[in-house]
Amino acid sequence: MTKIERLKNTFFWIIRWVIYPVILYFVIYLIGIYSQYFLENLGWTRAITIWAFTSVFATLGITFTGLICPNRKYGNLFFLGIFVFLEIWLFKNEWRITSALEMVLRIWADLTIIAGFIIAATVKLDSEQSLK
């Protein structure tokens, strides 16, 4: 490998590490806004039904964002740990002041985000296998 190829790989590797957390935060923020401000204003039956169908898109959004990470296993599991720690802390502080529907939607959103992180960390792509 020449110096230029190493520099290219290193540059793109650094750019991917810079872009990944920003896009990840944006996707998690959109999921939170969708579940807390849009679905919360609907009734129980509508909110749960709509979230049942759209939670797949939330999981896929986190999964596809996780594929940007240069080291998918460690990067996704690292941000999963940060997410879980912060969500437990925030959940504990807001337990008594939110409605039951908001708590159900928040727990469901958290589970879809966690599933997206785990899928992104464990998925094997065909392009990776052909390089080895």
Side-chain angles (χ1 to χ4, degrees):
M1 185 180 291
T2 66
K3 284 186 177 182
I4 294 175
E5 289 175 352
R6 268 188 270 148
L7 180 64
K8 259 183 159 175
N9 290 339
T10 304
F11 179 71
F12 289 127
W13 186 79
I14 291 171
I15 293 296
R16 286 171 61 189
W17 272 115
V18 169
I19 290 173
Y20 170 65
V22 174
I23 295 174
L24 184 64
Y25 176 75
F26 182 69
V27 170
I28 291 174
Y29 180 71
L30 287 178
I31 292 169
I33 286 176
Y34 176 70
S35 66
Q36 290 178 358
Y37 295 112
F38 175 70
L39 293 177
E40 179 185 300
N41 294 328
L42 302 174
W44 273 87
T45 54
R46 289 184 193 156
I48 298 296
T49 306
I50 291 172
W51 189 233
F53 292 111
T54 58
S55 63
V56 174
F57 296 112
T59 305
L60 290 176
I62 296 293
T63 301
F64 289 140
T65 304
L67 296 179
I68 296 171
C69 188
N71 190 343
R72 287 198 313 265
K73 181 178 179 183
Y74 296 112
N76 286 313
L77 293 179
F78 173 73
F79 284 108
L80 173 63
I82 291 172
F83 175 77
V84 169
F85 176 74
L86 290 175
E87 276 299 308
I88 289 172
W89 184 64
L90 292 172
F91 191 77
K92 182 183 71 92
N93 291 337
E94 297 176 1
W95 177 255
R96 303 249 181 227
I97 59 174
T98 57
S99 67
L101 176 60
E102 184 178 346
M103 295 307 281
V104 168
L105 293 173
R106 184 171 181 170
I107 290 171
W108 201 345
D110 291 345
L111 291 176
T112 59
I113 291 170
I114 290 170
F117 274 125
I118 292 172
I119 292 168
T122 58
V123 70
K124 299 281 186 197
L125 300 175
D126 292 335
S127 62
E128 291 175 348
Q129 294 171 355
S130 65
L131 291 176
K132 292 180 182 180

According to a 4.5 Å side-chain heavy-atom criterion applied to Ile, Leu, Val, Met, Phe, Trp and Tyr, with indirect links allowed, do L86 and V22 form part of one hydrophobic cluster? no
Closest approach of R72 and V123, non-hydrogen atoms and distance? NH2-O, 3.1 Å
Distance, nearest 0.5 Å, that separates CD1 of I119 from OG1 of T59: 6.0 Å
Are F83 and F85 joined in one hydrophobic group, where the rule is that I, L, V, M, F, W and Y side chains link up if heavy atoms are under 4.5 Å apart? yes
Compare every heavy atom of T63 with every heavy atom of A120, then report the nearest pair and how far apart it is. CB-O, 3.6 Å
Between F38 and Y34, does the ring centre distance come in under 6.0 Å? yes
Taking all heavy atoms of A58 and all of T112, pick out the closest pair and write down the distance. CB-OG1, 4.1 Å
Contact check, side chains of F117 and L77, non-hydrogen atoms, under 4.5 Å: no
Q36 CD to M103 CE distance, which is reported to the nearest 0.5 Å: 9.5 Å
Correct closest heavy-atom pair for G116 and I62 would be C-CG2, 3.6 Å
Counting only heavy atoms not in R46 (residues, nucleotides, ligands), do more than 12 fall under 6.0 Å from its CZ? no
Between I113 and V84, is there a shared hydrophobic cluster once you connect ILVMFWY residues whose side-chain heavy atoms come closer than 4.5 Å? yes
L105 side, atom CG; I31 side, atom CD1 - distance, nearest 0.5 Å: 13.0 Å
Beyond-backbone contact of L67 with F64, side-chain heavy atoms, under 4.5 angstrom: yes
Counting only heavy atoms not in W44, do more than 12 fall under 6.0 Å of its CH2? yes
Is there a continuous path of hydrophobic side-chain contacts, each under 4.5 Å between heavy atoms, that joins I82 to L80? yes
With a 4.5 Å cut-off on side-chain heavy-atom distances among I, L, V, M, F, W and Y, is there a chain of contacts connecting V104 to I88? yes
If you count the non-hydrogen atoms of other residues, nucleotides and ligands that lie under 6.0 Å from CZ in F78, is the total more than 12? no
Can you tell me how far apart CG (L30) and OG (S35) are? Round to the nearest 0.5 Å. 10.5 Å
Drop me the distance from L60's CG to T65's OG1, to the nearest 0.5 angstrom. 10.0 Å
Minimal heavy-atom distance between F79 and P21, with the atoms involved, is CZ-CG, 3.8 Å
Is the W17 ring parallel, tilted or perpendicular to the W13 ring (thresholds 30°, 60°)? perpendicular
Locate the shortest heavy-atom distance separating F91 from R106; write the atom from each residue and the value. N-NH2, 4.1 Å
W51 vs W108 aromatic rings, parallel, tilted or perpendicular, using cut-offs 30° and 60°? perpendicular
Please round to the nearest 0.5 Å and tell me the distance separating atom CD1 of I28 and atom CD1 of I23. 12.5 Å
